[in-house]
There are 2 protein chains.
Amino acid sequence: MDNAISKIQGAITRNSELFEEVADLFKIFGDSSRLKILVALTQSDMCVSEISEFLSITQSAVSHQLRILKTSNLVKTRRVGKNIYYSLTDDHVKTIIDCGMEHVTE
Amino acid sequence: MDNAISKIQGAITRNSELFEEVADLFKIFGDSSRLKILVALTQSDMCVSEISEFLSITQSAVSHQLRILKTSNLVKTRRVGKNIYYSLTDDHVKTIIDCGMEHVTE
DNA sequence: CCCATATATGAGCAATTGTTCATATATTCA
DNA sequence: TGAATATATGAACAATTGCTCATATATGGG
């Protein structure tokens, strides 16, 4: 009696694209540099050089990661003089991170 | 006045290992095969061949993914005759997935 | 306008990842 | 016990990833 199972299969196959999107979202949170950037941004907007400094990685590396975050609409930018400040687009980000934190910290 | 920033930096640097753990958790959800397996398991326990069938990937590939899920304690197993049934260890998994789904579906 | 500073971008590379194929292990049934 | 079935495992490989280096772009100050 795999009727129940085949219903599940149906639901998942039918929404395959959705799950791929969700997986892609999680993938973004799945790198510690990006995660730390996002965590930092939940506390305060920051510019590239600030992030680069506290993560101890190259400005270039930070820029690359920020581009990924921006492309996926998790962060937005505003220019202030020579600096470009990054901030979260919404607070889903914080919710998701908290969700993961809760699991890890039991 | 980067006092605020340096506090954030401190908090993140101090908890660096925690964030790496959290990132590793998200990484697991960041593959669509694994995600779909987890989603399926929120609905019903399933054995390897059932999963393999509905995901349309090799039994071997499923086993490999299940091993990852088991190693990270997201799923547990029980043997029933020739089959090994996989189930979620707790419902944090569902919570996390729902979190991500909510963001994607706006 | 030119120079210093801030950020972005592209190429290249090592490391990691997800899959498949072949094979090993384990359990049931005749 | 031996064949059939279910699952696990290891090697190999292509694809992806995250970083660095070099360089491009853009802004503000003198």
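Naming: A, B, ... by sequence-line order, numbering from 1 per chain.
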Problem set entry | B/R78: partners by salt bridge (Lys or Arg N to Asp or Glu O under 4.0 Å), with sequence neighbours left out | B/D45
Problem set entry | Those residues of residues 15-42 of chain A lying under 4.0 Å from DNA chain D by at least one heavy atom | A/K27, A/D31, A/S33, A/R34
Presence of [X] side-chain N/O under 4.0 Å of [N] phosphate oxygens OP1/OP2:
X     : N      : result
B/Y86 : D/dA8  : yes
A/R67 : C/dT9  : yes
A/Q65 : D/dC19 : yes

Problem set entry | Side chains of B/E50 and B/C47 in contact at under 4.5 Å (non-hydrogen atoms) | yes
For this session: Name all pairs fulfilling the salt bridge (charged side-chain N to carboxylate O under 4.0 Å, His left out) condition that reach into residues 88-99 of chain A, sequence neighbours left out, sorted by first residue then second.
Result: A/K94-A/D98
Seminar exercise, completed: So the salt bridge (charged side-chain N to carboxylate O under 4.0 Å, His left out) pairs with at least one residue in residues 55-76 of chain A (sequence neighbours excluded) are none
For this session: Kindly indicate, with the supporting measurements, whether the criterion side-chain contact (heavy atoms from CB on, under 4.5 Å) is fulfilled by A/T105 and B/E21.
Result: CA-CA 10 Å; A/T105 61; B/E21 254 185 280; over 6 Å; no
For residues 24-41 of chain A, run the donor-acceptor check on the side chains, cut-off 3.5 Å, and write out each pair with its distance to 0.1 Å, sequence neighbours left out.
| unit_1 | atom_1 | unit_2 | atom_2 | d |
| --- | --- | --- | --- | --- |
| A/D31 | OD2 | A/S33 | N | 3.2 |
| A/D31 | OD2 | A/R34 | N | 3.1 |
| A/R34 | NE | A/I28 | O | 2.8 |
| A/R34 | NH1 | A/Q65 | OE1 | 2.9 |
| A/R34 | NH2 | A/K27 | O | 3.2 |
| A/K36 | NZ | B/S16 | OG | 2.7 |
| A/K36 | NZ | B/E20 | OE2 | 3.3 |

Exercise. Using a cut-off of 4.0 Å between protein heavy atoms and nucleotide atoms, how would you tag nucleotides 20-30 of chain D 5' to 3' with B, S and -?
Worked result: BBB----BS--
For this session: Can you pull out how bent the helix from C/dC1-D/dG30 to C/dA30-D/dT1 is, comparing the axes over its first five and last five pairs, to 10°?
Result: 20°
Donor-acceptor pairs under 3.5 angstrom involving side-chain atoms of residues 51-63 of chain A: please list them, not counting sequence neighbours.
| unit_1 | atom_1 | unit_2 | atom_2 | d |
| --- | --- | --- | --- | --- |
| A/S52 | OG | A/I57 | O | 2.9 |
| A/Q59 | NE2 | A/S63 | OG | 3.2 |

Problem set entry | Pairs involving residues 31-51 of chain A, ordered by first then second residue, that meet ring pair (Phe, Tyr, Trp, His ring centres under 6.0 Å) (sequence neighbours left out) | none
Seminar exercise, completed: Residue pairs meeting ring pair (Phe, Tyr, Trp, His ring centres under 6.0 Å), one or both in residues 70-98 of chain A, sequence neighbours left out, come to A/H92-B/H103
